Amino acid sequence: MSKFLRPTALKERHSMKVDPIASLASSSPRADTPRGKNESVDITTFWPFILIDGDFKVLVLFDSHFEEKAHIFKERAEEGWTGNGCDWNAVAQAVIAERFPQLANEVIFESNTNLFLISGTTTSLTVLGHALKIVFDDDHILRDILFRAKLQH
């Protein structure tokens, strides 16, 4: 047996509770940093993910934060996981597929190895930002998601 728990067993122990987050999308408290007339940057609500809301709406995770979860991705290194932006893309796609399938056509994945970046509507990015923060903050949930995420290298 693998040193990892079965995904279903882990899911039972650490259920990812993100469904109620959808209702927060329109009322999310924001720590905005004014940029331009129509642009704000939320650097606290989804930390370490950053929501940039302006003419171009994106959710970003910079490579300086990849290292914080490198130990989780190293557990799956034999399969090719490294913890880069493309790997976080796979994590986000798994979250969308499992919890928010209605967002699948509302976001565009534009990540590369040095940057995780998704563009979309403010609502879709807010919902996804809350969900990804939960995943980032809980190693058990991240491990569980990685079992089902599809590597994209």
Side-chain angles (χ1 to χ4, degrees), residues 11 14-77 79-153:
K11 189 173 186 179
H14 300 283
S15 179
M16 187 171 149
K17 299 185 188 305
V18 293
D19 292 330
I21 290 172
S23 65
L24 296 174
S26 61
S27 63
S28 178
R30 298 180 59 126
D32 291 335
T33 303
R35 293 291 174 194
K37 184 177 179 183
N38 297 321
E39 185 175 302
S40 65
V41 178
D42 185 341
I43 60 173
T44 58
T45 304
F46 316 106
W47 185 256
F49 298 90
I50 297 171
L51 177 65
I52 301 171
D53 187 0
D55 293 335
F56 190 63
K57 298 163 183 11
V58 295
L59 185 66
V60 180
L61 178 66
F62 293 102
D63 62 349
S64 58
H65 295 286
F66 294 165
E67 191 61 33
E68 295 174 45
K69 297 299 171 181
H71 63 284
I72 303 296
F73 289 93
K74 283 181 184 174
E75 294 171 1
R76 308 289 299 274
E79 298 168 37
W81 295 98
T82 62
N84 65 26
C86 295
D87 290 353
W88 280 101
N89 238 23
V91 169
Q93 288 178 341
V95 168
I96 288 171
E98 293 176 11
R99 298 293 180 170
F100 306 107
Q102 70 276 17
L103 300 182
N105 295 322
E106 294 184 24
V107 296
I108 299 170
F109 295 90
E110 304 181 56
S111 302
N112 60 47
T113 57
N114 299 315
L115 176 72
F116 168 78
L117 182 111
I118 299 177
S119 61
T121 66
T122 302
T123 300
S124 62
L125 296 174
T126 299
V127 169
L128 192 55
H130 280 289
L132 289 175
K133 177 163 180 48
I134 290 169
V135 172
F136 192 93
D137 289 345
D138 189 320
D139 290 353
H140 298 290
I141 293 174
L142 179 55
R143 282 184 183 102
D144 185 48
I145 293 290
L146 285 177
F147 273 106
R148 294 178 309 283
K150 293 181 175 88
L151 193 63
Q152 302 175 355
H153 295 190

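Counting begins at 1 with the first residue of the sequence. Bear in mind that the values here come from a model prediction, so they are computed numbers and not experimental data.
No side-chain donor from either of D53 and S40 sits under 3.5 Å from a side-chain acceptor of the other.
A heavy-atom distance below 4.5 Å is not found between the side chains of Q93 and K150. Using a 4.5 Å heavy-atom threshold, the side chains of E98 and I145 count as touching. In this structure, the side chains of P101 and I96 stay at 4.5 Å or more apart for every pair of heavy atoms. When side chains are defined from C-beta on, N114 does not count as touching N84, because their heavy atoms never get closer than 4.5 Å. Contact annotation: the side chain of W47 approaches that of H65 to within less than 4.5 Å [non-hydrogen atoms, C-beta and beyond]. Two residues are said to be in side-chain contact when any heavy atoms from C-beta on lie closer than 4.5 Å; V41 and L51 fail this criterion.
The nearest pair of heavy atoms linking V95 to A131 is CG1-CB, 3.8 Å. For the pair T113 and C86, the tightest heavy-atom approach, listed with the atom from each and the gap, is N-SG, 3.9 Å. The shortest non-hydrogen separation linking F49 to L132 is CE1-O, 3.6 Å.
Distance check: K133 NZ to L59 CG gives 12.0 Å after rounding to the nearest 0.5 Å. Note that CG of L151 and CG of L146 are 9.5 Å apart. Values are rounded to the nearest 0.5 Å. Rounded to the nearest 0.5 angstrom, I72 CD1 and R143 CZ are separated by 3.5 Å. Note that CG of D137 and CD1 of I134 are 8.5 Å apart. Values are rounded to the nearest 0.5 Å. Here the CD1-CG distance, from I52 to L125, works out to 10.5 Å after rounding to the nearest 0.5 Å.
Residues satisfying the salt bridge (charged side-chain N to carboxylate O under 4.0 Å, His left out) test with D63, not counting sequence neighbours, are none. A search for side chain to side chain donor-acceptor pair (under 3.5 Å) contacts involving D139 returns K69, H71, not counting sequence neighbours. Scanning for side chain to side chain donor-acceptor pair (under 3.5 Å) contacts around T121 gives S124, with sequence neighbours left out.
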Pairs of donor and acceptor atoms involving the side chains of residues 103-111, under 3.5 Å and at least two apart or interchain, shall be tabulated with distances.
from : atom 1 : to   : atom 2 : distance (Å)
E110 : OE2    : S119 : OG     : 2.5
S111 : OG     : N89  : OD1    : 2.8
S111 : OG     : L117 : N      : 2.8
S111 : OG     : L117 : O      : 3.4

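By the 6.0 Å and 45° rule, R76 stacks over the aromatic ring of F147.
Partner of F136 under the ring-ring contact (aromatic ring centres under 6.0 Å, His included) criterion, chosen from F66, F46, W88, F116: W88. Paired with I50 under the rule side-chain contact (heavy atoms from CB on, under 4.5 Å), one option of V58, T45, I43 passes, and it is I43.
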